[in-house]
Amino acid sequence: MNPRQRLLKTADFDRALRSGRRAGSAYLALFVSDNEFGRPRVGFAVSRKLGNAVVRNRIKRRLRELVRPLAQSTEAGRDVVIVARPSAIEAEYARLRDDLSALWSQSVTRRTP
RNA sequence: CGAGUCCGCCAGGCAGCCGCGGCAGGAGCGCACCUGUCGAGGAAAGUCCGAGCUCCGCAGAGCAGGGUGCCGGGUAACACCCGGUCGGGGUAACCCGAAGGAGAGUGCCACAGAAAAGACACAGCCGGUGGCAACACCGGCGAAGGUGAAAUGGUGGUGGUAAGAGCCCACCAGCGGCCGGGAGACCGGCCGGCUAGGUAAACCCCACUCGGAGCAAGACCUAAUAGGAGGACGAAUCGGCUGGCUCGGCCGGUCCUCGGGUACGGUCGCUUGAGUCGUCGGGCAACCGGCGAACCAGACGGAUGGCUGCCCCUCCGGUGCGUGCCGGCUUCGGCCGGCGAGGCGGAGGACAGAACUCGGCUUAUCGGCGGACUCGCUCU
RNA sequence: GGCGAGUUAGCCAAGUGGUAAGGCAGAGGUCUGCAAAACCUCCACCGCGGGUUCGAAUCCCGCACUCGCCU
C-alpha cells in the first residue's frame, strides 16, 4: 500500500476515532470520517494487549492485504481506522475477508447523509 | 543397544498468483511507471553490564554514593571469555561457586539454654573446716550441663590426678616459623606452642574503579511576534545556574561583531564496522597478527509479506485394497488371529520481528544434524 | 525506542532479618421475638523462581505483570 492510501497523522487518527461513523464485528471495528482528497486513506490500530510484536505485525499485514483491493475500488474521500479485536488473532483468512468487506460496504461506500 | 556429558551448526524446502521498503538506471521532474539488485535473529527479546558516538558550565579537587572482589591471561572495555588454584556435587565424562578481610572497630545472634562472646555467676565434681544431718564457709576444677543453627578445636587413650583438664601422647583440623616447588592463587615436607564462635548478599575496612544524561542524544533548514550567540574589559558584595553536596567554575554590567530559539514539519545523524568470509602463522585456550576478497536491511503509523498447491518431519485414527513375518487349523485350494511397513484421512512444525552501532550476560525455544567423551549391558 | 517506579487477604494498607499490625467487606457465634449496633472467632504459598543466612515479606540475583515520564 503506498503512502497516499495510508493514514499517517495522530490528528487524523483522533478525528476518525472521535467523530467518525462506526461499524463493528467480532473481529474488527471500523471508524470512518470524511476527507478532502477524493480517495480513501486507511490506518490500523492493533493494541499491545493482543500479543507480542509478531502477532501484531501479522494481523496488520493480513488486514493490509485485505483492504488493498477495497481501497483501490473506492472513489469516496474517507479516512478509515481499522481496529483489531482479540478474536482477529486466530481468525481464518476467508472469514476475515468476508467480515471486512461487509463492514467496508456498510460504512465506507455508503453515501454521507 | 541403553543412559548421560561437552562442543559446534541449522532454524523447513520448492512452485504459482498478488504485494512492500532501500539503492541504481531508464522515457519528461523528488510523488506515480518500467527494469535490475538487496532486504530480520540466534536470541533481533529483556534492557542487566561494558564501550563507541553526541550534548551538558569541557568533568579539576574533596566528601558522599555506586560497582567489582581467588590467581594469571584475553580485550577498546566489562560484572564477559580462556587457562589454572581452592571448595562443593557426580561411579564417571563433567558440572557448580558474589571464592578479599571477623587476629581494626561497631552492631546482631529470636526461642531454647547455666551461659550467645564477657568472663564469671548458676548447677555440679574434689579436698579441708564446722555440723548428728540437711547444709554453710574456704580452696581447687573444667566445658563436661535433656538446650541450640552455632558452646571455649575434634576423636581415641588400663597416660595422668584428690577431682579434673592439651596436663600428657597419637591422628585430624587450624595458626605461626623454616625449607622446597610455582609467575601467582596455592601445593608438599619438617618443627613449634597447644587454639582465635557465626554473620561483611549487616554497617564497615582494604584494593581497583566510576562525572551526568542519552540518537526522543544532537546538528542544520523554512514564517511572524518575543529574544540569542561569540569576543574584549571588569567582577568587592549580593543574587542566580550547575551531576547529591562543598570548593572551583559559569552568568549579571559596558563596548564591538554576527544573526534568528521553538512545530504532531523536512534534511542530516543512519549505517564501512574494535564488522564479515577465506587462508597462513603464533598461542594449551580465550584471542592476536599477516595476506586476499566482497559490500551485506536502514523503515519512521514503521517494509522484509499474504494466499494456494506439492514435498519433508512428528503424532493420531481406520481398516476397503495389495503385500511381508509369526502362531493356530486344514479336505493343501486356503481360512482365522496378531504384529510391522506402504498407500488413505486428520492434526501439528517452536521461540520470536531490526529502529544509532558494537562486545557480552540473562531469559524464551517444536525439533534436527555433525564431532569428541563417560558409565552400564551384550557380542567378537 | 529510551528512562523510571511499584506488586502484602476480595478492597485500602502498616511492617525493612525472628509467631505478618489495623480498617472496610465476607463467614460463623453471643445477644434479640426478628434484625441493626456491640463483642468474640475465622479468612495470607507476602507476584514467581533461585541464592545468602540457623532463620527472608524484609538482603542479593533472575523472571513475570502493572503504572508513569521523554517526541
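Residue numbers begin at 1 in each chain, while the letters A, B, ... track the order of the sequences.
A/Leu103 is connected to A/Tyr93 through a chain of hydrophobic side-chain contacts under 4.5 Å among Ile, Leu, Val, Met, Phe, Trp and Tyr, so both are in one cluster.
Comparing the C1' positions of B/A15 and B/G41 gives a spacing of 27 Å, expressed to the nearest Å. For the P atoms, the distance linking B/C125 with C/G17 amounts to 46 Å, nearest Å. To the nearest whole angstrom, the two C1' atoms, one in B/C245 and one in B/U267, are 44 Å apart. B/A274 and B/U199 have their C1' atoms separated by 45 Å, given to the nearest Å. The gap from the C1' atom of C/G15 to that of C/G51 amounts to 24 Å, rounded to the nearest Å. For the C1' atoms, the distance from B/C284 to B/G84 is 11 Å, rounded to whole Å. Taking atom P on both nucleotides, B/A64 is separated from C/A44 by 48 Å, rounded to a whole Å. B/G21 and B/G342: their C1' atoms are spaced 48 Å apart (whole Å).
Atom pair A/Gln72:CD and B/C20:C1' shows a separation of 13 Å (rounding to whole Å applied). Atom CZ in A/Phe44 sits about 11 Å away from atom P in B/A303, given to the nearest Å. Atom pair A/Arg64:CZ and B/G21:C1' shows a separation of 11 Å (rounding to whole Å applied). Atom C1' of nucleotide B/G19 and atom CZ of A/Arg97 are separated by 16 Å, given to the nearest angstrom. Nucleotide B/A303 holds its P atom 13 Å from the CG atom of A/Leu63, rounded to whole Å. As a whole-Å value, the separation of A/Ile59 CD1 from B/G302 C1' is 16 Å.
For B/G60, the O4'-C1' to base torsion is more than 90° from 0; the nucleotide is therefore anti. Base orientation of B/U271: syn, the glycosidic angle falling within 90° of 0. Taking the syn range as angles within 90° of 0, the glycosidic angle of B/G42 is syn. Taking syn as a glycosidic angle within 90° of 0, B/A114 does not qualify and is anti. B/G107 adopts an anti glycosidic conformation, its chi angle falling more than 90° from 0.
Taking 4.5 Å as the limit, some side-chain heavy atom of A/Lys60 sits within range of a side-chain heavy atom of A/Arg64. At least one side-chain heavy atom of A/Arg78 sits under 4.5 Å from a side-chain heavy atom of A/Arg21. Proximity of A/Trp104 to A/Val80: side-chain heavy atoms (C-beta onward) are separated by under 4.5 Å at one or more points.
Side chain of A/Asn52 to main chain of A/Val55: a donor-acceptor pair is present (N/O by atom type, distance under 3.5 Å, no hydrogens or angles). A donor-acceptor pair under 3.5 Å is formed between the side chain of A/Ser87 and the backbone N or O of A/Ala26.
The pairing partner recorded for B/U85 is B/A99, the criterion being a Watson-Crick or G-U wobble arrangement whose two distances lie under 3.5 angstrom. Here B/A200 sits opposite no nucleotide as a Watson-Crick or G-U wobble pair (both hydrogen-bonding atom distances under 3.5 Å). With a cut-off of 3.5 Å on both pairing distances, the Watson-Crick or G-U wobble partner of B/C55 is B/G212. In this structure, B/U314 and B/A347 make a Watson-Crick or G-U wobble pair, each of the two defining distances being under 3.5 angstrom. Across all strands shown, B/G188 forms a Watson-Crick or G-U wobble pair with B/C179, both key distances being under 3.5 Å. Nucleotide B/C20 forms a Watson-Crick or G-U wobble pair with B/G39, both donor-acceptor distances falling under 3.5 Å. Across all strands shown, B/G159 forms a Watson-Crick or G-U wobble pair with B/C167, both key distances being under 3.5 Å. In a base pair of the Watson-Crick type (N1 to N3 plus N6-O4 or O6-N4) or a G-U wobble (N1-O2 and O6-N3), with each distance short of 3.5 Å, B/A61 is matched with B/U246.
Partners of A/Ala29 under the side-chain contact (heavy atoms from CB on, under 4.5 Å) rule, at least two apart in sequence or in another chain, are A/Phe31, A/Val83, A/Arg85. With sequence neighbours excluded, the residues that form a side-chain contact (heavy atoms from CB on, under 4.5 Å) with A/Ser101 are A/Leu70.
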Anything under 3.5 Å between a protein N or O and an N or O of nucleotides 305-307 of chain B, put it in a table, one pair a line.
unit_1	atom_1	unit_2	atom_2	d
B/G305	O3'	A/Arg61	NE	2.9
B/G305	O2'	A/Arg61	NE	3.1
B/G305	N2	A/Glu65	OE2	3.3
B/G306	O2'	A/Tyr93	OH	3.2
B/C307	OP1	A/Arg62	NE	3.3
B/C307	OP1	A/Arg62	NH2	3.3

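More than 12 heavy atoms of other residues, nucleotides or ligands sit less than 6.0 Å from atom CZ of A/Arg56.
Each of A/Ala45 and A/Val54 was assigned the nucleotide of RNA chain B with the nearest heavy atom; the assignment lying further toward the 5' end belongs to A/Ala45. Both A/Lys60 and A/Asn52 lie close to RNA chain B; mapped to their nearest nucleotides by heavy-atom distance, the more 5′-ward contact belongs to A/Lys60.
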